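Structure first, then comments.
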Amino acid sequence: MIKNVRIYDADHSVLAAFKGSGIGITVGLGNEYLKDMSANEDLALTWVKENVEPFLPGTQIRGIAVGNEVFASTDQDLWEALLGTMKNIYYALDHLRLASVVQVSSPHSEGVFSTTFPPSAGAFRSDILPYMRQLLEFSSDIGSPFYVNAYPFLAYISDPGNIDIRYALFESNPGAYDPKTKLHYDNMFDAQIDAAYAALEKVGFEKMEVIVSETGWASKGDANEDGASPSNARTYNYNLKKRLAKRKGTPYRPKVETKAYIFALFNEDLKPGPSSERNYGLFNADGSIAYDIGFKGLASSSASYLHRLNALFPVFLWILTRSLEV
């Protein structure tokens, strides 16, 4: 059962379509807005008034993702603008008495870390640390988790000769051992999350929750994208679904339930870049299942509409484990 989705924008037709659905939505504020909005509180207030407030409570907007993988950019002005924009969006929500309903966050790529293996060695890059520390301080003040886009698929295709694909796919394998914590990892997904926890701990935010804002596996790729296949995509997402259904934590944070969004709802036929970028979808255009991980196919009419939306606004599924049927 789909309980939460993420969209990259705040398109009004999309938000209106979800009215009364009972599905929680996190809307996106694109990187292109950050520089102007960080210096203009009124601009942030106007954006919230136009794109969030009118749709509540009928459409259950539960979060605003400010930017996406901002530190993957080489534009340091953009880095600097992220915190100011997050603050201005939060202050706008607070002014409208929506801060207790709508969470403010910003998802990061694995590229924010200088090292992630073994997990206990997880650490933030030194060049972004001054910006990240301030961001974490504000996120902690407002009770926002740390969101990270974690892709074992990307790690695997970057080094297929040295990474056991079974470790990346949650299949039976020897696993990895962390000599510092003396913890054993039987899958890369958990290891990536714990590397984020280790990095947070090193800068004084050991109590901050980590949520995976994107994860998935491509069902098709280019010749140099080893492991991109329907079989592997199904295996990864099916095993991820089972993993989350257990509602358990990671080896390093066993009492904190792991939460994750699956990327993506539909294949994105027009997306540029490597073939894998167009083939992360769980569903085909007609609503049929691209590969079976336990979700029922959509009705053709709703599938057609959602696919049109997805072409412009890629959707993430958040598997809330309490609602899964495994």
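Both backbone and side-chain heavy atoms feed into the values below; hydrogens, waters and symmetry mates do not. Here the structure is a predicted model, which is why all the values come from computation and not from measurement.
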Looking only at heavy atoms, which two atoms of N267 and R278 are closest? And how far apart? CB-O, 3.3 Å
Is there a ring-ring contact (aromatic ring centres under 6.0 Å, His included) between Y280 and F263 once you walk through the steps? CA-CA 6 Å; Y280 278 94; F263 180 82; 5.3 Å; yes
Quick one: do R166 and D164 make a salt bridge, cutoff under 4.0 Å? yes
Per side-chain hydrogen bond (donor to acceptor under 3.5 Å, both in side chains), T258 is matched among R243, K248, R253 by R243
Can a donor-acceptor pair be found between the side chains of [X] and [Y] at a distance below 3.5 Å?
X    : Y    : value
E171 : N239 : no
D194 : Y185 : yes
Y151 : E214 : yes
D11  : S13  : yes
S213 : R6   : no
N149 : Y261 : no

Path from F117 to I163 over hydrophobic side-chain contacts below 4.5 Å: no
Show your reasoning for whether side-chain contact (heavy atoms from CB on, under 4.5 Å) applies to F71 and L82. CA-CA 9 Å; F71 294 112; L82 177 56; 4.1 Å; yes
[atom1]-[atom2] distance between [X] and [Y], expressed to the nearest 0.5 angstrom:
X    : Y    : atom1 : atom2 : value
Q192 : T116 : CD    : OG1   : 6.5 Å
K19  : L15  : NZ    : CG    : 12.0 Å
I193 : M188 : CD1   : CE    : 12.5 Å

Take the angle between the ring planes of W217 and Y236 and call it parallel below 30°, perpendicular above 60°, tilted in between. tilted
Tested for side-chain contact (heavy atoms from CB on, under 4.5 Å) against W47, the lone hit among N88, T85, I64 is I64
Please lay out, stage by stage, how N51 and V27 fare under the test side-chain contact (heavy atoms from CB on, under 4.5 Å). CA-CA 9 Å; N51 298 290; V27 299; over 6 Å; no
Decide ring-ring contact (aromatic ring centres under 6.0 Å, His included) for H108 and F113; before the verdict, give the C-alpha distance in whole Å, the side-chain angles of both, and the deciding distance to 0.1 Å. CA-CA 10 Å; H108 305 287; F113 305 115; 8.7 Å; no
Name every donor-acceptor pair, under 3.5 Å, that has one atom in a side chain of residues 220-231 and the other anywhere in the protein, sequence neighbours excluded.
| residue | atom | partner | partner atom | Å |
| --- | --- | --- | --- | --- |
| D222 | OD1 | S275 | OG | 2.5 |
| D222 | OD2 | S275 | N | 3.2 |
| E225 | OE1 | D222 | N | 2.7 |
| E225 | OE1 | S276 | N | 3.3 |
| E225 | OE2 | S276 | OG | 2.6 |
| S229 | OG | N232 | N | 3.1 |
| S229 | OG | N232 | ND2 | 3.4 |

Pair Y252, D178 - check side-chain contact (heavy atoms from CB on, under 4.5 Å), show working. CA-CA 10 Å; Y252 196 56; D178 190 322; over 6 Å; no
Check the pair I293 / R234 against side-chain contact (heavy atoms from CB on, under 4.5 Å), numbers first and verdict last. CA-CA 6 Å; I293 65 167; R234 180 200 177 278; 4.2 Å; yes
